[in-house]
Amino acid sequence: MSEIKIVVLTPAGREERSVTTGTKAWELFKDEPEIIAARVGNASSAAALKDLAYELVDGDEVAGVEIASRDGRDILRHSTAHVMAQAVQEIFPQAKLGIGPPVQDGFYYDFDVETPFVPADLDKIESRMRKIVKENQRFSRRVTTDDDARVELAEEPYKLELIGLKGSAADAAEGASAEVGAGELTIYDNINRNGEVAWKDLCRGPHLPTTKRIPAFKLMRSAAAYWRGDEKNKQLQRIYGTAWESKEALDEHLHRIEEAERRDHRKLGKELDLFSFPDEIGSGLPVFHPKGGVIKREMEDYVRRRHIEEGFSYVGTPHISKDGLFHTSGHLPHYADTMFPPMEFEGANYQLKAMNCPMHNLIFSSRGRSYRELPLRLFEFGSVYRYEKSGVIHGLTRVRGFAQDDSHSYCTQEQAPDEVKHLLNFMLTVLRDFGLDDFYLELSTRDEEKLDKFIGSEEDWATATAILEQVATETGLELVPDPGGAAFYGPKISVQAKDAIGRTWQMGTVQYDFNQPARFELEYQAADGSRQQPVMIHSAKFGSIERFLGVLVEHYAGAMPPWLAPVQVQAIPVADAFADYLYDVAGQLKKAGIRVEVDDSNDRFQKKIRNAQLQKVPFMLIAGGEDVEKGAVSFRYRDGRQDNGVPIADAIARVVAAVESREQV
RNA sequence: GCCGUCUUAGCUCAGUCGGUAGAGCAGCUCACUCGUAAUGAGCAGGUCGUCGGUUCGAUUCCGACAGACGGCUCCA
């Protein structure tokens, strides 16, 4: 037996060691049960994840992968997916395997089965999984060849397809690279205590050493998913599950899900009487009730005022137009599928507006334009209607009719970078005023594989993309590429904001468009007397008002900051006798522009407090004998804090200050 | 659009193995009510999503459609 030299990397540093040939990675981490895999690199290769059963070679640099790390959890979840697939095939032997990768917070595995899974099946599968975990089966890696694998997996048509795609697996389907890597083909055998192969799966690995190393998991739901993500393919049955390094971590995850459900704007919208989606109107078409209307109007008032401050002119355009306009813009026939079908009358086809830009272009071209007018900035709340497929409608975040806070800046090419910068900064200040302050940017570019989806020359696209990229970089915010995500007429930057519980939402966008000015033959007269084509820059700050309202409701869990709260002050008399006193205070608050209501119902005092609390009113103003004697009122805040005996004038000033500062209380 | 689940009072839900239904909250009425998250009593409220089919009889079984929910695909 000869010696080989390796390096063990620990948080403390590098430790050079000599071990005998044939030493396995696990022998380095014998006393560290939280290490479930190894990251191995050497002078000639980048670090790669390996099973703990990996046999060390001379020159290896080895680091342990903790189960609670990002990679560790992925490995844990992938292994749990294997256990699930094994359980499924034990219960439903005819089930064919699709793919089973780890995903954000969990994993899934796709199966081709005759009948879709029902919730009772998930229970059965989960208990079978627990049995497999208890059996402590060993994940054993075995290198094979394409031909051998084809024989072994003759009964698994989807796996055979993946073998054929090896090397381009990343393109084959999201997650497919977890099954077949670009390198050698491997199969993992699950070996039980008797040394028999209980189950096997084509898989790149790595995996946990044994099934017993799965500390906590839970199956979440089943759903259909197209094979390789293509709607032309067969739908497989997907089971989603989650797995964590400890029972506590699993419980925390389940609590986070509960918290997200508690904040669901569809639920809160109903409870707080903000909006609804009447069937009689149609799917995806919201109505705003008086309280939701207050929030919506505050948002609109604010953003209209801000646009005007930033040099925009408020304009107005109709909801429908003849279809020729959208042919000129290029939207038809490009996006006919997502526009409502035309209405034919007076010899023309009229279309519901799905975007505002063509109409703004007509305002631009309504008369001759001078370079002195540029940048010309037009803005409106443009109502647009989009025929979203029935299955994608989702509360206020995906609707068929909505208003964009839409602007179009017409400028010279030279002005474009500054205008993009202006719009981006403007948008960020708007979002900050609404209490969102954690952002990253996404740069959506055209898909180089599907050039027919995009119009315009390669040079124009390159110029536009470069300008957006440069401005985005200058903000100092993280910039994430989104290849293929561009609109057909130009690239875009979108702002992604993180909410109070860390979820990200797409907010506004800035889009650079050199196509529509050409199609509409827009021009201005330059200083030298020549006619020039402007560049137009599209931008929506909220994106859609409806959607942004929904995001705010979730961000604040319905407890809106005072400036947005439908009822800012709920006045509650301790007893009937003090109602008049509070009506007087309420009158003064109304004069100061505050939305206040006095609860003079027959409910008892405590019940009124409870009602106001459930409505998430920011300020409860209470008055009883002690307050009246002092000419004062008492505050109760949403968190239950009290501030008693505050002089009326001070109380009003306090409420007004909170509204004006747009702070959360 | 596709797959699955679901649709009973304003809301949240029971229930009917086929004989037209019940609770809590909300609402209305009355009484009570002076200090920080539910006072009590009574009343009223439903063509059991819509339309067909099977049946002596359908809210219940079957089908179609609409809508909701969870995914997939999509998201200018």
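Below, chain A is the first sequence line, B the second, and so on; all start at residue 1.
A straight line from CD of A:Gln615 to P of B:C11 spans 16 Å, rounded to a whole angstrom. Between A:Lys453 atom NZ and B:A76 atom C1' there is a gap of 10 Å when expressed in whole angstrom units. Distance A:Leu122 CG to B:G70 C1': 12 Å, rounded to the nearest Å.
For B:G52 and B:G10, the C1' atoms lie 30 Å apart once the distance is rounded to whole Å. Taking the C1' atom of each, B:G18 and B:U60 are spaced 6 Å apart, rounded to whole Å. One C1' atom belongs to B:A58, the other to B:G49, and the distance between them is 15 Å to the nearest Å. Comparing the P positions of B:U16 and B:G1 gives an interatomic distance of 34 Å, to the nearest angstrom. When the P atom is used for both B:C11 and B:A26, the distance is 15 Å, rounded to whole Å. Here the separation of B:A41 from B:A23, taken at their P atoms, is 14 Å to the nearest Å. Rounded to the nearest Å, the gap between the P atom of B:C48 and that of B:U8 is 11 Å. Rounded to a whole angstrom, the distance from the C1' atom of B:G40 to that of B:C69 is 39 Å.
Under the side chain to side chain contact (heavy atoms under 4.5 Å, CB included) criterion, A:Glu271 pairs with A:Lys267, A:Leu268, not counting sequence neighbours. Residues meeting the side-chain hydrogen bond (donor to acceptor under 3.5 Å, both in side chains) test with A:Asp600, sequence neighbours left out: A:Tyr583. Residues that satisfy the ring-ring contact (aromatic ring centres under 6.0 Å, His included) test with A:Phe488, not counting sequence neighbours, are A:His331, A:His334, A:Tyr335. In terms of the ring-ring contact (aromatic ring centres under 6.0 Å, His included) criterion, residue partners of A:Tyr385 (sequence neighbours excluded) are, by chain and number, A:His319. Every side chain to side chain contact (heavy atoms under 4.5 Å, CB included) that A:Tyr226 has, sequence neighbours left out, goes to A:Glu231, A:Gln235.
Evaluation of atom-type donor-acceptor distances gives no pair under 3.5 Å for the side chain of A:Tyr226 against the base of B:G71. The base of B:C72 has none of its N or O atoms less than 3.5 Å from a complementary donor or acceptor on the side chain of A:Arg228.
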Give me, pair by pair, the N or O atoms of the protein and of nucleotides 63-65 of chain B that are less than 3.5 Å apart, along with how far apart they are.
none

Protein-nucleic acid N or O pairs under 3.5 Å, nucleotides 3-6 of chain B:
| residue | atom | partner | partner atom | Å |
| --- | --- | --- | --- | --- |
| B:C3 | O4' | A:Gln235 | OE1 | 2.3 |
| B:C3 | O2' | A:Gln237 | NE2 | 3.3 |

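A 4.5 Å side-chain heavy-atom check between A:Lys96 and A:Lys159 finds every atom pair outside the cut-off. A 4.5 Å side-chain heavy-atom check between A:Met359 and A:Glu380 finds every atom pair outside the cut-off. Within the 4.5 Å cutoff, no side-chain heavy atoms of A:Phe277 are placed close to those of A:Leu285.
Across all strands, A:Phe488 comes closer than 4.0 Å to no nucleic acid atom at all (heavy-atom distances). Within 4.0 Å of A:His538, counting heavy atoms only, lies no atom of the nucleic acid at all. Contact annotation for A:Gln511: backbone-only contact, meaning every heavy-atom pair under 4.0 Å involves sugar-phosphate atoms and none involves a base. Base engagement by A:Ser390 is indicated by at least one non-hydrogen atom pair under 4.0 Å involving a base atom. Residue A:Tyr387 is in sugar-phosphate contact alone, with no base atom involved, counting any heavy-atom pair closer than 4.0 Å across all strands shown.
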Quiz item: So A:His408 and A:Phe364, ring pair (Phe, Tyr, Trp, His ring centres under 6.0 Å) or not? Walk me through it.
Solution: CA-CA 10 Å; A:His408 297 94; A:Phe364 181 92; over 10 Å; no

Quiz item: Would A:Ser544 and A:Gln404 count as a side-chain hydrogen bond (donor to acceptor under 3.5 Å, both in side chains) if you check the C-alpha gap in whole Å, the side-chain angles of each, and the deciding distance to 0.1 Å?
Solution: CA-CA 4 Å; A:Ser544 117; A:Gln404 291 178 307; over 6 Å; no

Practice problem: Please assess A:Tyr109 against A:Phe111 for the test ring pair (Phe, Tyr, Trp, His ring centres under 6.0 Å), listing each intermediate value before the final yes or no. | Solution: CA-CA 7 Å; A:Tyr109 213 117; A:Phe111 305 94; 5.2 Å; yes

Quiz item: Please walk me through it: do A:Lys124 and A:Glu126 pass salt bridge (Lys or Arg N to Asp or Glu O under 4.0 Å)?
Solution: CA-CA 5 Å; A:Lys124 264 185 260 170; A:Glu126 202 173 286; over 6 Å; no

Practice problem: For A:Asp599 and A:Gln570, run side-chain contact (heavy atoms from CB on, under 4.5 Å): C-alpha distance rounded to whole Å, both residues' side-chain angles, the deciding distance at 0.1 Å, then the answer. | Solution: CA-CA 7 Å; A:Asp599 187 348; A:Gln570 179 67 62; 3.4 Å; yes

Please tabulate, one pair per line, all N/O donor-acceptor pairs under 3.5 Å involving side-chain atoms of residues 609-625 of chain A, not counting sequence neighbours.
| residue | atom | partner | partner atom | Å |
| --- | --- | --- | --- | --- |
| A:Asn611 | ND2 | A:Asp603 | OD2 | 3.4 |
| A:Gln613 | OE1 | A:Arg636 | NE | 3.0 |
| A:Gln613 | OE1 | A:Arg636 | NH2 | 3.0 |
| A:Gln613 | NE2 | A:Arg638 | O | 2.5 |
| A:Lys616 | NZ | A:Ala557 | O | 3.4 |

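Checking A:Arg263, A:Arg262, A:Arg503 one by one against A:Glu554, the salt bridge (charged side-chain N to carboxylate O under 4.0 Å, His left out) holds for a single residue, A:Arg503.
The six-membered or imidazole ring of A:Tyr410 lies away from that of A:His360, with a centre-to-centre distance of 6.0 Å or more.
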Quiz prompt | Reading 5' to 3' through nucleotides 33-41 of chain B, protein heavy-atom contacts under 4.0 Å coded B for base, S for sugar-phosphate only, - for none | solution = BBBBBBB--

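The cationic group of A:Arg238 lies under 6.0 Å from the six-membered ring centre of A:Tyr108 and within 45° of the ring axis, placing it in a cation-pi geometry.
Residues of residues 265-273 of chain A having a heavy atom closer than 4.0 Å to RNA chain B, listed by number: A:Arg266, A:Lys270. For RNA chain B, none of the residues of residues 579-586 of chain A falls under the heavy-atom distance limit of 4.0 Å.
Closest of all the heavy-atom pairs between A:Pro573 and A:Lys608 is CG-NZ, 4.2 Å. In this structure, A:Gly645 and A:Ala632 approach most closely via the heavy-atom pair C-CB, 3.5 Å. Here the closest heavy-atom approach between residue A:Ala472 and residue A:Ile493 is recorded as CB-CD1, 3.9 Å.
Phosphate proximity of B:A76 to A:Thr338: absent, as no side-chain N or O sits under 4.0 Å from OP1 or OP2. Note on A:His394: a side-chain N or O is less than 4.0 Å away from OP1 or OP2 of B:G70. For A:Arg221 and B:G70, the shortest distance from a side-chain N or O to OP1 or OP2 is not below 4.0 Å.
For A:Arg398, whose side chain is taken as the heavy atoms from C-beta onward, the closest listed nucleotide among B:C74, B:A76, B:C72 is B:C74. Distance from the side chain of A:Glu231 is smallest for B:G1 among the nucleotides B:G1, B:G70, B:A76.
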Quiz prompt | Strand RNA chain B as a dot-bracket string - pairs counted if Watson-Crick or G-U with both distances under 3.5 Å, | where the partner lies in another strand | solution = (((((((..((((.....[..)))).(((((.......))))).....(((((..]....))))))))))))....

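Note: A:Tyr512 and A:Phe514 have tilted aromatic rings, judged against thresholds of 30 and 60 degrees for the angle between ring planes.
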